[in-house]
Amino acid sequence: MNLFDIKDPAFLKSMKTRELYALAGAIRSFLAESIPKTGGHLSSNLGTVELIIALHYVFNSPKDAFIFDVGHQAYTHKILTGRINAFDTLRQTDGLSGYISYAESVHDVWESGHAGTSLSALLGILYANQMKNETGEAIAVIGDASITNGTAFEALNLLGGEKDKRGIIIINDNEMSISRSVGAFAKMLTKIRSMKIVLRINRMWESILPRFLLGLLSRIKRGVRGFLQRQNIFEDLGYMYIGPIDGHNIKGLIYNLQRARSIKKSVVLHIITEKGKGHPEAANDKVGTYHGVSRASKVAKEGMTWSRMVSHALEALQAHRKTFVIMPAMTVGGEFLHFAQTFKDRYVDVGIAEEHAAAMAASMAHQGVPVFLPLYSTFSQRAFDQILNDICRSDHHVVFGIDRAGIVGEDGSTHQGLYDVSMFYLMPNMVITMPYDAKEAADLLHYGFMRQTHPFVIRYPRGLVAYDENIPVQFNEIEPVWTVMSEGKALSMISYGPSLDLLMQVKKKMNIDAGIINARFIKPVDEDMLHQVCRTGAPLFVYEEAANHGGLYPQILQFMARHGYHNKTAQASITDQIVPHGRYRDLLKKLKMDVKGVQERIEALLDAS
Ligand SMILES: Cc1ncc(C[n+]2csc(CCOP(=O)(O)OP(=O)(O)O)c2C)c(N)n1
């Protein structure tokens, strides 16, 4: 069949097993070819092809709700629900989202992007169905790493105790998070999985026995297992556990999904998949390089990622201060692989557990250990309470590396790093910084560990920075003040981070006598510099690639009100809106935060002055 003709998953129902396998082959080939062109989650999607086909074969979406944890592994679901024609726009501006999207399809019933929420969503649907007298099933697909997330455990606890509700939880176990899964839960799954003989025997019976005999056999097996073997954690929590099941055997998947549907209590279906299946490099990748791939680019990009630059500088800092790194599951994206291998005793990957990581950091800091806690800006939101209550309230000296700060582009609304400045601003004792360039980043890192005693944030964006790894890192003393990057009298422009480059371009393009100030210490503000700037009487323009509310601009306005300054002001930032996925430069343009947009804002400001 032609994949491009698929409009709706109903066509699957009449297909023979043989045809379903052919379909899986065609989808996998399509994904392997298409994803590298647009960028996207390669390995996770290559692993879920048969599972998603079997789900749509057995259940009736959207009456039956499919909930995908994170939502990064659901490309086959997008294809079966009629979206293949838009795959060349995947993650592009105005194109198909890389995640589940309410706006795209009625079959998309749970958006997240952040890990661990699917089981809560499942419970939400079960309760909503009860309220609305609806009968649909709710099925959550959650990875072996995401299920170890605290929020997933909270829902697992609740659902297991529900007597009159039945949810189906599918654990998609590929032994991998982005890198290898960590912790005791992963070990437990390995133990169940390592009874490979069980898997092999299951597979054999499923391919040769008729259905009624399979049912009889599984009842006998359960009886024998209950007799001989300790129950596993899921059974202890009140679930019926079915598994391990080969997640690439469509016949077996269909049989077991139908079985799950016929059981009265909540079910955990433990399926074993191969991340990256069908793509030799992705399948053999134990590090996580193929979890997400970037769009193929014709131009060689210069520089190094900010993440790599920071981890490299932190390695150099070890000669001055031994620091411990607590990493919640982002070793690869955060570029800490080399650090982890070099300083094995100073590094722990704690899994997808940002809240835990922050509380643990507070405790280590209280013990006097210098801790570096790298968090993507968007995932730092998860740890709001621990950062506020356990770190800032007690004024613990933890240094945060807030990665992917600002607009992240293709990952979209769930991943934009726009809220951390506001979030950290309201936290007492917190010091917030953002370097303009690599040199300033190294100096701030040094300052953060060697001179600060308060909780300290260094934010840095996605993307590249000019940096040569071969030149030994220099750490220079830095004062907690703003700097003047360019002198000028007609206007003062204030920003932080690489956005300052954009202001320089604006100055050049408009040919105006503007001062440009690097507010590298976002909190606390440099009051001396603000007095100097305000006293000139010149208008002020503040640019922040961050949410407006609670950002630097409101602090400057408060400062001016406190001190009776009446300079005209204007700003560019992200104000009370959701920023979708797309190319970075397209998004800046849409937000009127590119050179042209800023120029217009400044012209209006100067006209009004
Ligand atoms: C709260 C949060 N932290 C980190 C991430 C980044 N992240 C996206 S997918 C992923 C790994 C998920 O692994 P698993 O659940 O096993 O699914 P798989 O990709 O292996 O199918 C991580 C850490 C996230 N989405 N949400």
Side-chain angles (χ1 to χ4, degrees), residues 70-71 97 99 111-117 149 151 306-307 328-330 333-334 352 354-355 357-358 361 373-392 398-435 455-463 495-499 519 521-525 542-558 571-582 584 587-588 590-593:
V70 184
S97 161
Y99 296 88
E111 275 182 8
S112 174
H114 290 199
T117 63
N149 198 266
T151 185
W306 274 94
S307 315
M330 302 307 281
I352 310 176
E354 290 81 4
E355 311 92 300
L373 176 51
L375 294 168
Y376 280 23
S377 166
T378 186
F379 303 140
S380 71
Q381 293 156 202
R382 271 285 166 89
F384 181 96
D385 181 57
Q386 286 78 358
I387 300 175
L388 175 58
N389 191 54
D390 300 309
I391 297 178
C392 291
V398 172
V399 177
F400 295 86
I402 298 298
D403 197 344
R404 306 314 199 254
I407 294 168
V408 297
E410 289 78 1
D411 268 323
S413 63
T414 55
H415 284 60
Q416 306 291 7
L418 300 173
Y419 309 104
D420 65 282
V421 174
S422 315
M423 177 171 99
F424 294 135
Y425 228 112
L426 61 79
M427 298 189 179
N429 297 313
M430 185 66 104
V431 175
I432 313 172
T433 69
M434 187 166 196
F456 184 80
V457 162
I458 306 176
R459 7 177 18 244
Y460 41 97
R462 180 172 176 251
S495 188
Y496 44 81
S499 299
F521 282 80
I522 306 171
K523 182 193 174 197
V525 296
V542 183
Y543 183 99
E544 295 181 79
E545 202 181 294
N548 171 267
H549 302 291
L552 180 61
Y553 182 62
Q555 303 304 318
I556 293 176
L557 293 184
Q558 282 183 28
Q571 57 97 33
S573 65
I574 287 92
T575 306
D576 215 12
Q577 65 184 300
I578 298 300
V579 179
H581 62 273
Y584 177 76
L587 295 173
L588 271 196
K590 279 188 181 189
L591 292 161
K592 298 197 180 355
M593 289 180 66

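Below, each value reflects all heavy atoms present in this structure, side chains not excepted, and no hydrogens, waters or symmetry copies. Residues take their numbers from the sequence shown, with the count starting at 1.
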[atom2] on [Y] to [atom1] on [X], rounded to 0.5 Å:
X    : Y    : atom1 : atom2 : answer
Y496 : Y543 : OH    : OH    : 10.5 Å
S97  : E111 : OG    : CD    : 7.5 Å
I574 : Q416 : CD1   : CD    : 8.0 Å
I458 : W306 : CD1   : CH2   : 10.0 Å
F424 : Y419 : CZ    : OH    : 14.5 Å

With side chains defined as the heavy atoms from C-beta onward, is the minimum distance between [X] and [Y] less than 4.5 Å?
X    : Y    : result
Y99  : S413 : no
S422 : N548 : no
P461 : I407 : no
R382 : T151 : yes
D403 : Y460 : yes
V525 : L552 : yes
H549 : T575 : yes

Please tabulate, for side-chain N and O atoms in residues 373-380, each donor-acceptor pair with protein atoms closer than 3.5 Å (sequence neighbours left out).
from : atom 1 : to   : atom 2 : distance (Å)
Y376 : OH     : R404 : NH2    : 2.9
S377 : OG     : D420 : OD1    : 2.8
T378 : OG1    : H114 : NE2    : 2.8
T378 : OG1    : T414 : O      : 2.8
S380 : OG     : S377 : O      : 2.6

Given side chain to side chain contact (heavy atoms under 4.5 Å, CB included), test F521 with V431 step by step and report yes or no. CA-CA 8 Å; F521 282 80; V431 175; 4.1 Å; yes

Looking at every heavy atom in both [X] and [Y], which two are closest together, and how far apart are they?
X    : Y    : answer
G551 : V421 : CA-CG1, 4.1 Å
A361 : V398 : O-CG2, 3.7 Å
L426 : M423 : CG-O, 3.4 Å
P428 : C392 : O-CB, 3.2 Å
A546 : S573 : O-CB, 3.5 Å
A358 : A383 : CB-CB, 3.9 Å

Can any side-chain N or O of [X] pair as donor or acceptor with the backbone N or O of [Y] at less than 3.5 Å?
X    : Y    : answer
E410 : H581 : no
K590 : V579 : no
Y425 : I522 : yes
N149 : I352 : yes
R462 : G417 : no
E544 : S495 : no

Is there a side chain to side chain contact (heavy atoms under 4.5 Å, CB included) between Q571 and I556 once you walk through the steps? CA-CA 11 Å; Q571 57 97 33; I556 293 176; over 6 Å; no

Result of checking D385, I387, I391 against N389 for side-chain contact (heavy atoms from CB on, under 4.5 Å): D385

Under-4.0 Å salt bridge between E545 and R459: no

